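Worksheet for the structure shown next.
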Amino acid sequence: MERYDSYKDSGVEWIGEIPSHWRNSKTNFLSSNYDGKRVPLNGTQRSEMEGEIPYWGSNGVVDYINKSMFNEELVLVGEDGSPFFDIYKPISFKVTGDVWINNHIHVLKHKESEVLPDFLVHSFNITDFKEFITGSTRDKLTQSDLSRIPHFLPPLSEQQQIVSFLDTKTSLIDSLIEKTQQKIELLKEKRQKLVEEVVLNDKIERVRLEHVVDLVKRPINREDNETYNKIGMYNWGRGIFKYPTEEGSELGDSTFNFIKEGDLLLSGQFSWEGSVSMVGKEVHNCISSHRFHILMGRKDIILNEYLWSYFTSQEGHFLLTENSFGSSGRNQPLNIGRLLKEKIPIPELSFQLKIKELVEYTRRFEKHSKRNIELLKEYRQSLISEVVTGKRKVV
């Protein structure tokens with residue numbers, strides 16, 4: 001890694017030293033805040049940039065940027081809450097037409113003599129926003145907070161070299177991540193096609209669910225001083241997560257069951273949102289509340305991997321939705337008794353084994369890929385940080 005010839009103290013502890021010929025600055029010296037015409041969003045306005053810039057639904061208030069800003073380069077930075085920054089990270093874009101932007105987004109016009117918009121974005125992306133956000137009940141990056149964020153600038157020509165270098169390197173990293181995610185999606189599509197073959201085959205017998213599965217209960221013998229790991233479930237088949245460990249005395253009045261690797265879990269509250277999961281070894285012997293239904297396919301008749309694949313298919317999701325009832329909002333609990341009376345197709349065990357192998361391979365690939373993607377993202381962030389703070393010289 002090549003370094004610059006000499007360095008000086010940046011004056012900021014988390015930055016450390018910067019190249020001697022670089023200079024310190026802050027957001028308010030490098031850009032001005034653009035306040036567009038504020039208009040109500042009525043659901044009919046749409047921006048050509050909608051897929052690329054932060055944009056909120058069909059209600060609320062937005063800033064309107066009209067064509068008088070044509071070809072202007074703007075930098076957008078999120079305002080509300082720390083999770084907001086993960087979703088709406090700082091970006092730059094060129095105005096090519098009418099644009100509507102949520103009024104919780106800071107819109108910055110960079111000063112052309114000071115900084116390139118893409119360099120400013122990279123500089124924002126190494127900023128720990130938690131150091132600057134304020135608010136007692138909800139984190140918020142105000143205009144005043146934004147203005148005092150430090151930036152460290154080389155000459156414009158060097159900024160351009162850095163931007164070009166990072167564009168090339170980060171594009172390669174992003175491409176690797178995208179290809180990995182595409183393979184995961186292709187594996188999911190392959191599994192769904194196998195299930196569709198079953199659903200659309202009129203020759204395959206349909207059997208009531210209650211005749212091929214057992215509803216499992218493994219109640220815990222709660223001890224006040226014993227520790228337990230409760231679980232929750234993401235929607236749309238995205239798996240299970242663990243809550244922090246609790247002692248038995250902290251579990252409240254709810255009843256709980258142990259879950260075992262290989263169980264099929266259906267959320268009693270949100271099955272209609274696709275909260276269906278296979279229990280993996282990482283949550284083996286954790287506990288689930290009575291609101292989760294534990295199913296186990298009967299030996300040599302139906303495999304849980306096939307059941308999970310079926311319930312995450314279009315037809316399976318339809319059955320979960322049809323058997324979930326509620327008065328309003330998201331309160332639509334699953335009627336497990338009615339669901340168990342539904343008839344589902346039961347293919348030959350050999351076909352189910354084919355699906356099981358695919359499910360297990362996909363699970364292994366996803367686990368391995370998740371770690372690789374995390375490492376790629378860490379490397380990407382580290383590379384940007386090293387280059388934008390001058391720890392690494394672009395040649």
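Residue numbers run from 1 in the order of the sequence given. Since this is a predicted model, take the numbers as computed values, not measurements.
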Legend entry - Atom of Ile184, atom of Glu366 and distance for their closest heavy-atom approach: CG2-OE2, 3.6 Å
Inset, instruction - Decide yes or no for Phe351 and Ile204: does some side-chain heavy atom of the first lie under 4.5 Å from some side-chain heavy atom of the second? - result: no
Inset, instruction - Could you tell me if the ring centre of Trp236 sits under 6.0 Å from that of His317? - result: yes
Inset, instruction - Give a yes or no on this: more than 12 heavy atoms of other residues, nucleotides or ligands lie within 6.0 Å of atom NE2 of His290. - result: yes
Legend entry - Whether Arg208 side chain and Lys341 backbone form a donor-acceptor pair below 3.5 Å: yes
Legend entry - Test item: Ile294 and Val279 side chains (from C-beta on) under 4.5 Å apart, heavy atoms: no
Legend entry - Test log, rule side-chain contact (heavy atoms from CB on, under 4.5 Å), inputs Glu223 and Asn225: CA-CA 6 Å; Glu223 298 288 343; Asn225 295 324; 5.9 Å; no
Inset, instruction - Examine Leu153 and Phe29 and state if one hydrophobic cluster contains both, with Ile, Leu, Val, Met, Phe, Trp and Tyr joined whenever side-chain heavy atoms are less than 4.5 Å apart. - result: no
Inset, instruction - Indicate, with yes or no, if Val195 and Phe318 share a hydrophobic cluster defined by side-chain heavy-atom contacts under 4.5 Å among Ile, Leu, Val, Met, Phe, Trp and Tyr. - result: yes
Legend entry - CG on Leu215 to CG on Leu209, rounded to 0.5 Å: 9.5 Å
Legend entry - Heavy-atom closest pair, residues Ser123 and Val388: CA-CG1, 3.9 Å
Legend entry - ILVMFWY cluster, Phe311 and Leu187 together (side-chain gap under 4.5 Å): yes
Legend entry - Side chain Ser313, main chain Tyr310, donor-acceptor under 3.5 Å: yes
Legend entry - Ile126 reachable from Leu383 in the ILVMFWY side-chain graph, under 4.5 Å edges: yes
Inset, instruction - Could you tell me whether Lys8 atom NZ has more than 12 heavy atoms of other residues or ligands within 6.0 Å of it? - result: yes
Legend entry - Distance-only polar pair, side chains of Thr27 and His151, donor-acceptor under 3.5 Å: yes
Legend entry - Tyr306 side chain vs Ile346 backbone, donor-acceptor pair below 3.5 Å: no
Inset, instruction - Determine the minimum heavy-atom distance between Pro19 and Thr389, stating which atoms define it. - result: CD-O, 3.8 Å
Inset, instruction - Determine whether the side chains of Thr142 and Asp145 contain a donor N or O and an acceptor N or O closer than 3.5 Å. - result: yes
Inset, instruction - State whether the number of non-hydrogen atoms from other residues, nucleotides or ligands found under 6.0 Å of Lys190 atom NZ is greater than 12. - result: no
Legend entry - Rounded distance (nearest 0.5 Å) linking atom OG of Ser175 with atom CD of Gln182: 8.0 Å
Legend entry - Minimum side-chain heavy-atom gap Thr362-Leu358 below 4.5 Å: yes
Inset, instruction - Evaluate the criterion side-chain contact (heavy atoms from CB on, under 4.5 Å) for residue pair Ile302 and Val207; output intermediate values, then yes/no. - result: CA-CA 11 Å; Ile302 192 166; Val207 180; over 6 Å; no
Inset, instruction - May I ask you to decide if Glu114's main-chain N or O and Gln159's side chain share a donor-acceptor pair within less than 3.5 Å? - result: yes
Inset, instruction - State, yes or no, whether a side-chain contact exists between Asn24 and Phe152 at a heavy-atom distance under 4.5 Å. - result: yes
Inset, instruction - State whether the side chain of Ser309 and the backbone N or O of Glu305 hold a donor-acceptor pair below 3.5 Å, judged by distance alone. - result: yes
Inset, instruction - Please step through salt bridge (charged side-chain N to carboxylate O under 4.0 Å, His left out) for the pair Lys188 and Glu185, ending with a clear verdict. - result: CA-CA 5 Å; Lys188 291 178 180 178; Glu185 290 305 312; 3.7 Å; yes
Inset, instruction - Using atom types as modelled and distance alone, determine if a side-chain donor or acceptor of His106 lies under 3.5 Å from a backbone N or O of Val77. - result: no
Inset, instruction - Measure the CG-CD distance between Leu339 and Glu210 for me, rounded to the nearest 0.5 Å. - result: 10.5 Å
Legend entry - Residue pair Arg380 / Leu376, side-chain heavy-atom distance below 4.5 Å: no
Inset, instruction - Inspect the surroundings of CD in Glu348 and state if more than 12 heavy atoms from other residues, nucleotides or ligands are less than 6.0 Å away. - result: no
Legend entry - Nearest-0.5 Å distance, CZ of residue Arg218 to CG of residue Asn285: 9.0 Å
Legend entry - Close side-chain approach of Ile162 to His122, heavy-atom, < 4.5 Å: no
Legend entry - Shortest non-hydrogen contact between Val115 and Leu30, atoms and distance: CG1-O, 3.7 Å
Inset, instruction - Evaluate whether atom NZ of Lys260 has more than 12 neighbouring non-hydrogen atoms of other residues, nucleotides or ligands under 6.0 angstrom away. - result: yes
Inset, instruction - Keeping the roles fixed (side chain from Trp308, backbone from Leu264), state whether a donor-acceptor pair exists under 3.5 Å. - result: no
Inset, instruction - Could you tell me whether a side-chain N or O of Asn323 sits under 3.5 Å from a main-chain N or O of Leu319, the two making a donor and an acceptor? - result: yes
Inset, instruction - Treat each ILVMFWY residue as a node, draw an edge where side-chain heavy atoms are under 4.5 Å apart, and state whether Leu166 and Tyr379 are in one component. - result: yes
Legend entry - For the student: nearest non-hydrogen atoms of His284 and Glu261, plus distance: ND1-N, 2.9 Å
Legend entry - Side-chain H-bond candidate by donor/acceptor type, Ser164 with Gln160, under 3.5 Å: yes
Inset, instruction - Would you indicate whether Glu13, at its atom CD, is surrounded by more than 12 heavy atoms from other residues, nucleotides or ligands within a distance under 6.0 Å? - result: no
Inset, instruction - Step through the shown structure and confirm whether more than 12 heavy atoms of other residues, nucleotides or ligands are within 6.0 Å of NZ on Lys354. - result: no
Inset, instruction - Check whether any side-chain N or O of Asn229 sits under 3.5 Å from a backbone N or O of Ile287 as a donor-acceptor pair, and report yes or no. - result: no
Legend entry - Tyr361 to Lys183 - nearest heavy-atom pair and separation: OH-NZ, 3.5 Å
Inset, instruction - With side-chain contact (heavy atoms from CB on, under 4.5 Å) as the test, would you mind laying out the steps for Glu247 and Asp224 before giving the verdict? - result: CA-CA 6 Å; Glu247 291 189 350; Asp224 286 350; over 6 Å; no
Inset, instruction - Nearest 0.5 Å please: distance from the CZ atom of Arg206 over to the CG atom of Asn201. - result: 10.0 Å
Inset, instruction - Carefully, step by step, assess Leu194 and Gln352 under the rule side-chain contact (heavy atoms from CB on, under 4.5 Å). - result: CA-CA 9 Å; Leu194 287 175; Gln352 293 184 47; over 6 Å; no
Inset, instruction - Only one of Ile231, Asn304, Val276, Val283 passes side-chain contact (heavy atoms from CB on, under 4.5 Å) with Leu265; say which it is. - result: Ile231
Legend entry - Flag if over 12 foreign heavy atoms under 6.0 Å of CG, Asp128: yes
Legend entry - Note, Leu116 side chain near His110 side chain (heavy atom, < 4.5 Å): no
Inset, instruction - Return the orientation label for the Tyr7 and Tyr4 ring planes: parallel under 30°, perpendicular over 60°, tilted otherwise. - result: perpendicular
Legend entry - Residue pair Pro155 / His21, side-chain heavy-atom distance below 4.5 Å: yes
Legend entry - CD1 on Ile177 to CD on Glu374, rounded to 0.5 Å: 10.5 Å
Inset, instruction - Tell me whether the centres of the aromatic rings in Phe258 and Phe256 are closer together than 6.0 Å. - result: no
Legend entry - Gln381 side chain to Asn125 backbone, donor-acceptor under 3.5 Å: yes
